[in-house]
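What follows is a short report on a single structure.
Both counts, for ligands and for their atoms, begin at 1 and track the order of listing.
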Amino acid sequence: MAIIGIDLGTTNSLVSMFRNGQVELLPNEWGEFLTPSCVGILEDGTITVGAIAKERLITHPSETISSFKTWMGTEKKFLLGDKTFLPHELSALVLKKLYQNAREALGEEIEEAIISVPAYFNDHQRCAIRLAAQLAGLPVKRLINEPSAAALYHRCATMGEEQRLLIIDFGGGTLDVSVVDCFENMVEIVAISGNNRLGGDNIDQAIADYFCEKTNLTWNSLDMKQKRQLLALAEKGKIGLSKSEKGCILAFQIGQETQSVSLNREILAKICRPIFQQVKEVIAQAFRDSGIPISEIDDVVLVGGSSKLEIFVDYLEGLFSKRPTFMERPDQTVAFGVGVCAGIKQRDGNLRDIVMTDVCPFSLGTSVCNDIRDNNPHMAILIQRSSILPARHTERFFTLSDGQRCVDVIIYQGENYYAVDNLRLGKLSVTVPPDKAGKQWVEVTFAYDINGILEVTAQGSGGDRQHTIILNPQLNWSEEEIAEALARLNTLPNRSMPQEENLLLLSRAERLFAELSGDRRMEAAHIIQRLRQMLQSDSQIRMAREREQLRQHLEELEYWVQRDIWVDDNDEEDLL
Ligand code: ADP
Ligand code: MG
């Protein structure tokens, strides 16, 4: 029985494990390591997760969803066809798919999974991840912070001298920054900060906004399909500019007209400035919390897909006056790290000595009043953010009024002075013997473990003792509710692999049809027709060769989609 690691990303998810003395990634049904975190619903009502859903983002915008991870821990409803889903249900579908693929790749049962989460996820968001795992039937005991996983992998990969690192994980939807001390076999997270709504998606949106501004289009007047199409175009331009210094032209067809806007690194840097500014603030916060000056950082390590953006690396170089180090495959580093964590959990001989300590991302406390007239309680912090985990603290709070019989301990997470401005996690009520104000008390203990689970105990001076493990009340579902959700999510199709492949190719051809124009568009149309026939047929095996031909044809068309946006086409090789 194996332990696997899962990097459940906003854009892409990966599965890893530790075996034969090293960490490795497990491929999905297409033989790929990255599974797009996209969910779609097909015409027949079945749900599709991964590559097929990603292909359908543009062509079936009302039936496909991506980037829902940024909404984890909220009650935001996503409409998929005529069904609604909550963010943790969508994540459950992704986890279920990863679980299924991992079991197939391994050919054995999975004992446990460790999931990485953004370091800056609060309690509600972490609970939502756990609930998603539960809905996916995935046995998860341990969560690990994404940048901590990256630090762990970096340490294993380098194992050099003592180092103080700044790790920046800039992905599709989240940014995590951590200050890490590495020495001997220790990986010590010193401070973390982040922004759960900042990533490559914001850059795509900023490019799309720029496009609208230049062409007098209004973003809100575009329909959903056009919005997705423009965002995809923006992402293509962005990725192209990170690979090549040449400028490009983004051309977008609206009705009969084609609007175009040129883009180069300089313009992109200007567009991204406000986003990079926010990144800088997050970095500054990490330094403030760690109490370590920038000059003491030995190395800045970049992970996450968005760190491949050349102008981002340039910007950071300007900030630190030195070139950051780039992990070889930055969008896989976290997954490798979770795999190392799985190896440690398995007590693998190669890793047994490595020890990692992590810190608390947010402060935890309870609301208190200075006197009875005080009607806006403030935070009394029991566990400061950046405390080393596990953390534990006890404090006494005294009664406020004469004859008071009960003390409410309301539990909050956050950094704001007024308690109500923070995230409320729960409440305990403890009885105390009636007495003069300030004579009786409640002793409150907060214990926060490495998985970000908070246990609160409150003991009254009269002996009344209350205890709670904090779970998000909205997500603290009853067994029936979970069973109901499970039944709803149990709609994964059971198509044969050739049929799945036909469907993937069809979705891809449909997207290319939307993106191409002229003759090539007609080629895409023919492929669509043929694939539709093939999907109806019973003799899939015989069609293997034709399928391969169609796949290659689509590959060629894909090239034209890329090429069409480039200004200088003498030098197109490096775009491939
Ligand atoms: P997550 O961990 O959030 O799932 P990833 O680390 O896989 O995300 O990063 C995905 C993001 O990286 C997307 O916004 C994507 O557009 C961006 N990205 C991927 N490759 C490049 C590139 N070469 N240049 C710039 N951005 C890129
Ligand atoms: Mg990531």
Checklist entry - Taking the side chain as C-beta and beyond, is there a heavy-atom pair between L14 and F336 under 4.5 Å? => result no
Do any side-chain atoms of residues 268-280 form donor-acceptor pairs under 3.5 angstrom with protein atoms, and if so which ones, sequence neighbours left out?
none

Next on the checklist: Run the side chain to side chain contact (heavy atoms under 4.5 Å, CB included) test against Q285 and tell me which residues pass, sequence neighbours left out.
Outcome noted: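 If we apply the side chain to side chain contact (heavy atoms under 4.5 Å, CB included) test to Q285, skipping adjacent residues, the hits are S193, R288, D289, R385.
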Item to check | Pairs flagged by side-chain hydrogen bond (donor to acceptor under 3.5 Å, both in side chains) wherever residues 171-181 is involved - sequence neighbours left out | outcome: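 Only R164-D181 qualify under side-chain hydrogen bond (donor to acceptor under 3.5 Å, both in side chains).
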Checklist entry - Is the closest basic N to carboxylate O distance between E112 and R142 below 4.0 Å? => result no
Checklist entry - Run the salt bridge (charged side-chain N to carboxylate O under 4.0 Å, His left out) check on R323 and E310 step by step: do they pass? => result CA-CA 11 Å; R323 196 87 183 147; E310 200 56 35; 2.9 Å; yes
Checklist entry - Contact residues of ligand 1 with a heavy-atom cut-off of under 4.0 Å? => result G9, T10, T11, N12, G171, G172, G173, G200, D201, E235, K238, I239, S242, G304, G305, S306, K308, L309, D331
